There are 2 protein chains.
Amino acid sequence: MEIAFDLPHPAREDIELSQVLFALSDPGRLAIARELAAGPAEAASCVPWAPDMPKATKSHMMKVLREAGVIRNEPKGRGRLLSLRRADLEARFPGLLDAILNAGGSPPGG
Amino acid sequence: MEIAFDLPHPAREDIELSQVLFALSDPGRLAIARELAAGPAEAASCVPWAPDMPKATKSHMMKVLREAGVIRNEPKGRGRLLSLRRADLEARFPGLLDAILNAGGSPPGG
DNA sequence: GCAAAGGTTCAAATATTATCGAACCATGGA
DNA sequence: TCCATGGTTCGATAATATTTGAACCTTTGC
């Protein structure tokens, strides 16, 4: 047996706007999504942006994002493979993810 | 004196993505934003979508939306004038508001 | 099987948010 | 000015969310 320890993910059509917005309303979780926007990443707790954060905390953040349908979290060898659910989000809420990821945060004149 | 009882609103450049997403992550607050998308509305507590909700609760919802920079809440005679801050949101986070407001919630095949 | 590496889940303590009655504030009209 | 109308704020309580250590599960390697 190669694949086990699978986690539940909402189907595309079950992804809810409220949950997506809530998941991404936390700066830390948004940072994860942005990190994954560049491409899939391996391991959840070993991401470099927060070496001091306990793994239980990181795992919880992944859970919120996963249950909202923002990211996919699959078993990969001894660790996990994380990825953004771009296609699903785009199909369900066109333009939303890009608008959020592109939100620079810098005013025009600053 | 005609205008008093003004409430604080964040300046355009101070509107934060996290707060906007959080404010709109609640179905009730999102409903208010959608209601106002059609045009400004008078009165906050008398809106028809929730006649049973206590006015303190409605006022709190307005506060969250206002402090996030999503809506404007101005004095208008004896009541208030509520409006969506479309231009400010569009300038700061292009495409975001439309993506959220347009999010129908119906899957393609259903 | 045993031990290590990597993550998730459990459970309890904190912190944040929501709810809503009561008190308070501002406007309009008599 | 006094009263009614409309909303906001205060304060207390309930409901959620976050944080984290400890325990547990799965794969890898011996």
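Please read all numbers here as calculations on a predicted model, not as lab measurements. A, B, ... follow the sequence lines: proteins, then strands. Residue 1 opens every chain.
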Taking the side chain as everything from C-beta on, heavy atoms only, tell me whether A/L96 gets closer than 4.5 Å to B/L96.
yes

In terms of hydrophobic clustering (I, L, V, M, F, W, Y; side-chain heavy atoms under 4.5 Å; direct or indirect links), are B/V64 and B/L24 co-clustered?
no

Can you tell whether the side chains of A/R86 and A/D98 come within less than 4.0 Å, N to carboxylate O?
yes

Looking at B/R80, I'd like to know whether one of its side-chain N or O atoms comes within less than 4.0 Å of OP1 or OP2 on D/dT8.
yes

Within the structure provided, determine whether B/S83 and B/L36 are in side-chain contact (heavy-atom separation under 4.5 Å).
no

How far does CD of B/E35 sit from CG of B/L84, to the nearest 0.5 angstrom?
10.5 Å

Under-4.0 Å side-chain N/O to phosphate OP1/OP2 contact, A/N73 with C/dG7
no

To the nearest 10°, give me the bend of the helix from C/dG1-D/dC30 to C/dA30-D/dT1, comparing the axes of its five terminal pairs at either end.
20°

Rounding to a whole Å, what distance do you find between B/K55:NZ and C/dC25:C1'?
11 Å

Given atom CG of B/D6 and atom P of C/dC25, what is their separation to the nearest angstrom?
17 Å

If Ile, Leu, Val, Met, Phe, Trp and Tyr residues are connected whenever their side-chain heavy atoms lie under 4.5 Å apart, and connections chain through other members, are A/F22 and A/I32 in the same group?
no

Please report, rounded to the nearest Å, how far the C1' atom of C/dC20 is from the CG atom of B/D52.
14 Å

Identify whether A/L7 and A/I15 are in the same connected component of the hydrophobic contact network (ILVMFWY, side-chain heavy atoms under 4.5 Å).
no

Without swapping roles, check the side chain of B/E90 against the backbone of B/G95 for a donor-acceptor pair under 3.5 Å.
yes

Let me know the distance between CD1 of B/I32 and P of C/dA18, rounded to the nearest Å.
12 Å

Quick check on DNA chain C: between A/L7 and A/R78, whose nearest nucleotide comes earlier from the 5' end?
A/R78

Atom pair distance, as rounded to whole Å: CE in A/M62 and P in C/dT8
8 Å

Are the side chain of B/R66 and the backbone of B/P8 linked by a donor-acceptor contact shorter than 3.5 Å?
yes

Round to the nearest Å and state the distance from B/L81 atom CG to D/dG6 atom P.
16 Å

Let me know the distance between CD of B/E67 and P of C/dT17, rounded to the nearest Å.
11 Å

In whole angstrom, what separates B/K58's NZ from C/dT17's C1'?
20 Å

Would you give a per-nucleotide map of nucleotides 13-19 of chain D, 5' to 3', where B means the base has a protein non-hydrogen atom under 4.0 Å away, S means only the sugar-phosphate does, and - means neither?
----SSB

